[in-house]
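Presented below is the structure to which this report refers.
For the single chain, residues carry numbers from 1 onward in sequence order. Ligands are counted one by one from 1 in listed order, and the atoms in each one are counted from 1 as well. We use all heavy atoms of the structure for the numbers below, so side chains are in, but hydrogens, waters and symmetry mates are not.
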Amino acid sequence: MKIHNFYAGPCILPQEAIDETISALKDFAGTGISLASVSHRSKEFDAVMLEAETLFKELLDIPEGYRVIFLGGGASLQFAMVPFNLMNKKAVYLNTGVWAGKALKEATLFGEVVEIANAPAGDFSQIPTNFTIPTDADYMHITTNNTIYGTEIHRDIDCPIPLVADMSSDILSRPVDVKKYVLIYGGAQKNLAPAGVTFVIVKEAAMGKVNHKIPTMLNYLTHTKEGSMFNTPPVIPVYTALQTLKWIKKEGGVKEMYRRNLEKATLLYNEIDRNKLFKATIQGEDRSLMNICFVMNEEFVSLEKEFLKFVEERGMIGLKGHRNVGGFRASTYNALPKESVQALVDVMQEFEKMKA
Ligand SMILES: *Cc1c(COP(=O)(O)O)cnc(C)c1O
């Protein structure tokens, strides 16, 4: 049976990226040894790191004056590294969900945090609008895709102060105007690689401006200076990330990813809106193209478990919603083919015929 992987992260990756990694685990770049045991200082791995940075820059059209580095610690470590490296006194956080809230909380350890959020607090059903950004803050932090609640900031906002974005779950899913940001980061395990590597796109001019000391490993300058090789990088996930980048390029680049993602999301949202059994938890333009959240309509809530079993028996896995939201979440990352979304739509229609 064909398996359709809708997990939110770790999640589906291009099959080619996985196959290339398997082959490199057996024999890396003709060295006769495994990727798992090759020295990160070897010229063969050096080439991988260099190409990963170069290709990342090419695919996202990253301007001069920016670096791409690959670190450990996950996006969650960036919640601390960002304020450590960029905050002298004050920062602004757009609180749009669980991850945004965790980033905000961490920043309060470093200085004053101005929170922008919806009222009542805890309403994450849309991205706040009509807010004013205090211009005396060191930076503003946003989370472009809210993996748990299924909202997304689809545009690169104009910000009067340096802009920082957590793009863990929508990196490379659409073109991004990188020059509007001083820093973009994310855990790689949602669109790029297996867990274990974190990407950081950082503007060189934004670093080294704080008036306190930063521990060596937590200082971006350490890693930009050493080309992500200050210490041993996560060799295997970096290699897979490079294979994913190559796949994106071969498939037509980030524009083509965006076209496909829009097509997949439209297909699924249309079915959720049409189907008598289901309703989307997010309405309007903030609907995420990456994490599509839906629940059973009130009169059918008792069918939730049965529907999950029904889809699982048909090879669709990872559809159970996050515990904060309940219901279902279909993650439709770059590597998820349209066929998988179509298969889900077909099953939703089949279930509706039986039950409604
Ligand atoms: C998953 C996720 C994180 C956490 O990533 P880790 O690498 O596990 O720390 C942070 N932000 C967003 C938007 C996420 O989706």
Is there a heavy atom of N145 sitting under 4.0 angstrom from any atom of ligand 1?
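Flag set, N145 near ligand 1.
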Looking at ligand 1, would Q189 count as a contact under a 4.0 Å heavy-atom criterion?
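The answer is yes, since Q189 has a heavy atom less than 4.0 Å from ligand 1.
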Heavy atom of the protein closest to [atom] (residue, atom name, distance):
| atom | value |
| --- | --- |
| atom 2 (C) of ligand 1 | K190 NZ, 2.5 Å |
| atom 15 (O) of ligand 1 | T147 OG1, 2.4 Å |
| atom 11 (N) of ligand 1 | D166 OD2, 2.6 Å |

Any idea how Y185 and H141 line up, ring-wise: parallel (<30°), tilted (30 to 60°), or perpendicular (>60°)?
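Tilted, since the angle between the ring planes falls between 30° and 60°.
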Show the atoms of ligand 1 that are less than 4.0 angstrom away from any heavy atom in [X].
| X | answer |
| --- | --- |
| T143 | 13 (C) |
| F79 | 10 (C) |
| G74 | 7 (O), 9 (O) |

Looking at [Y] and [X], is there a salt bridge between them, counting it only when a charged N and a carboxylate O are closer than 4.0 Å?
| X | Y | result |
| --- | --- | --- |
| D136 | K90 | yes |
| K89 | E112 | no |
| R174 | D156 | yes |
| E312 | K309 | no |
| E350 | K353 | no |

Taking T143 for its side chain and N146 for its backbone only, find out whether a donor-acceptor pair lies under 3.5 Å.
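No; zero donor-acceptor contacts below 3.5 Å.
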Would you mind finding which of S169, S76, G186, A75 brings a heavy atom closest to atom 7 (O) of ligand 1?
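Looking at heavy atoms only, A75 sits closest to atom 7 (O) of ligand 1.
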